[in-house]
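As the structure is a computational prediction, the values presented were derived from the model and not from experiment. Letters A, B, ... mirror the listed sequences (proteins, then strands); counts begin at 1. Only heavy atoms go into these numbers, but all of them, side chains included; no hydrogens, no water, no symmetry mates.
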Amino acid sequence: MSKNTTIQKENFSSWYTDIVTKAGLADYGPVKGTMVIMPYGFELWDLVKNVLDKMIKETGHVNAYFPIFIPKSYLAKEAEHIDGFAKECAVVTHTRLKSDHNGDINVDPSSRLEEEVIVRPTSETIIWSMYKKWIQSYRDLPLLINQWANVVRWEMRTRLFLRTSEFLWQEGHTAHATAEEAEEETLKILDLYKCLAEDYLAMPVLTGLKTEAEKFAGAKKTYCIEAMMGDKKALQAGTSHNLGQNFAKAFGVTFQNDKNEEELVFATSWGVSTRLVGAIIMTHGDENGLRLPPKIAPIQVVVVPIFKDEDQKKAIKSFIMNQIQDLKNENIRIYEDWSDRRPGSKFNHWELKGVPIRIEIGQRDILNEELVLYRRDKNEKSNIKIDDFVNIVKKTLRDIQTNLFLEAKNFQVKNTHNVKNFDEFKTVIENEGGFIKCGWDGTSETESRIKELTKATIRVIPFEQDIDQLKCIYSNKKAKYEVIFAKAY
RNA sequence: CGGGGUGUGGCGCAGUCCGGUUAGCGCACCUGCUUUGGGAGCAGGGGGUCGGAGGUUCGAAUCCUCUCACCCCGACCA
């Protein structure tokens, strides 16, 4: 247990904030709702980013960069889109400051912009305004572009990584000649996201469709990956949208097909954000702090030498030197902590930071030709022979990766409930939390009524559907879908 | 925007009701010595004008007025 850190079981959200700041992932910025991503947190994001960037490129996409400033009028071109984002836009109205006689700095009224500019909350509009220029013929399609960028959504209530006024993400925007192709793209990306979440972040996700109420503003369909956090609440961890021809219509993006006919382009967009860092923390963290999956841990192995004087320090160095080099040659991210703090303090420090493996070496171990290996996922120590060091470390890193996933998966399964009726639904949501899998009649009335009564929302309509005998949990009518309800972040 | 709360060294707090020595404590920080296999001990040391403005008073962190900021709960959301 880290000193002065909130107990996870007692207050999950306060535990979360404690861990984020104490582990050196992020800090609050001076403007409400902003955050500074600190070096350790940024390295973590960078590793996630690199994995996904590679996947995106391997599937034929290329990166580009579009401006952060968008003409206000662009946002209004797609009706649903503006409805969804109008309430949270930062707007640039002036371009100059000036200081008065008292030395106060004020906006210079004479610098008012004729056409105000908004700071992008997402880039569909500016990108489609450009696509109009770039797309003429079916030979220009598909157009598969991704960008890594910051976006701004002026949120009322913010939390580090999970919801901040400005955040980092990737947003893909593709243009296709046919509806089928766009749908295929949307699902392909969803699959990448699932792979990223499960194989790298060790975070099991449910995949499927969002309801009309939950889908992206301006999309025809929104698919998502949805995960369960340590407090059993749901977190939307990534979305992939089939935009149909909505944006092509709004921006007049047409192409000539091979029969010389003019057609509207089909679009997709998709994104994951720094929210994933929050997801990692809340999926795996325990009372001692973070537990990072090895594949994306900034430090995979930390070496803590235990010495009384300079001679012992030297002895440890020469004892372990070659092995450390071997691990570095294998591209394992290793850090040696030679600072003069006491060992116990270092143990706690690196546990808080979630480093998957810690190696302890003292005189005792040198004599026995051994090392102590501690694995963060199970909080267990074992003695290993120095000769086996490299192999065991590599194997243990793989084990930890697998084990973290399985632990999270078991947790998700164990906390996914079936309920017989709406009374039981309410009881479970209120007392136990977690996911509820049940029938829904498909009406937005039922959906919003359940939300009012329980605060639970439909997180996802899973791909696998079994509705033969299924009744709607609320209306008791024949179910149209089997869905997952939960309280969400 | 509605309800609740908090502003005192870097962080966490006490002191405020009932005004009165030099504003105190824990953590962190610095120096030295002893320590080092689960958050070390001792000694010494640096750092705050009490969110801001105005007022009452011989005297204000404390009382009064105004103001600002932030946090929590609700409506909105990746």
| Atom CE of A/Met203 to atom C1' of B/rA78: distance rounded to whole Å? | 13 Å

| Mind checking what makes salt bridge (charged side-chain N to carboxylate O under 4.0 Å, His left out) contact with A/Glu212, not counting sequence neighbours? | A/Lys215

| For the pair made of CD in A/Glu155 and P in B/rC71, what is the distance, rounded to whole Å? | 14 Å

| task | Please collect all ring pair (Phe, Tyr, Trp, His ring centres under 6.0 Å) contacts where either partner lies in residues 210-229 of chain A, sequence neighbours excluded, each pair once. | result | A/His81-A/Phe216, A/Phe85-A/Phe216, A/Phe216-A/His241, A/Tyr223-A/Phe463

| task | Could I get the full list of salt bridge (charged side-chain N to carboxylate O under 4.0 Å, His left out) partners for A/Lys313, not counting sequence neighbours? | result | A/Glu310

| field | Length of the line joining A/Glu351:CD and B/rG38:C1', which is rounded to integer Å | value | 8 Å

| said: Just the rounded figure in Å: distance from C1' of B/rC76 to NZ of A/Lys455. | reply: 15 Å

| Pairs meeting criterion side-chain hydrogen bond (donor to acceptor under 3.5 Å, both in side chains) with involvement of residues 300-309 of chain A, two or more places apart | none

| note | Counting only Watson-Crick and G-U wobble pairs with both atom distances below 3.5 Å, the stems of 3 or more consecutive pairs that include RNA chain B are B:1-7 with B:68-74, B:10-13 with B:24-27, B:29-34 with B:40-45, B:51-55 with B:63-67

Can you name the atoms? Protein N/O to nucleotides 30-36 of chain B N/O, anything below 3.5 Å, with the distance.
from	atom 1	to	atom 2	distance (Å)
B/rU35	O2	A/Arg342	NH1	2.9
B/rU36	O4'	A/Arg342	NH1	3.3
B/rU36	O4	A/Lys308	O	3.1

| said: Show me the pairs that pass salt bridge (charged side-chain N to carboxylate O under 4.0 Å, His left out) and involve residues 34-50 of chain A, at least two apart or across chains. | reply: none

| salt bridge (charged side-chain N to carboxylate O under 4.0 Å, His left out) contacts touching residues 451-463 of chain A (sequence neighbours left out) | A/Glu214-A/Arg459, A/Glu226-A/Arg459, A/Arg449-A/Glu452

| message | Any base atoms under 4.0 Å from A/Thr164, or only sugar-phosphate, or nothing? Heavy atoms, all strands. | response | base

| field | Qualifying ring pair (Phe, Tyr, Trp, His ring centres under 6.0 Å) pairs, either residue in residues 344-390 of chain A, two or more places apart | value | A/Tyr335-A/Trp350

| field | Test: A/Lys385 and A/Asp387 ion pair at under 4.0 Å | value | no

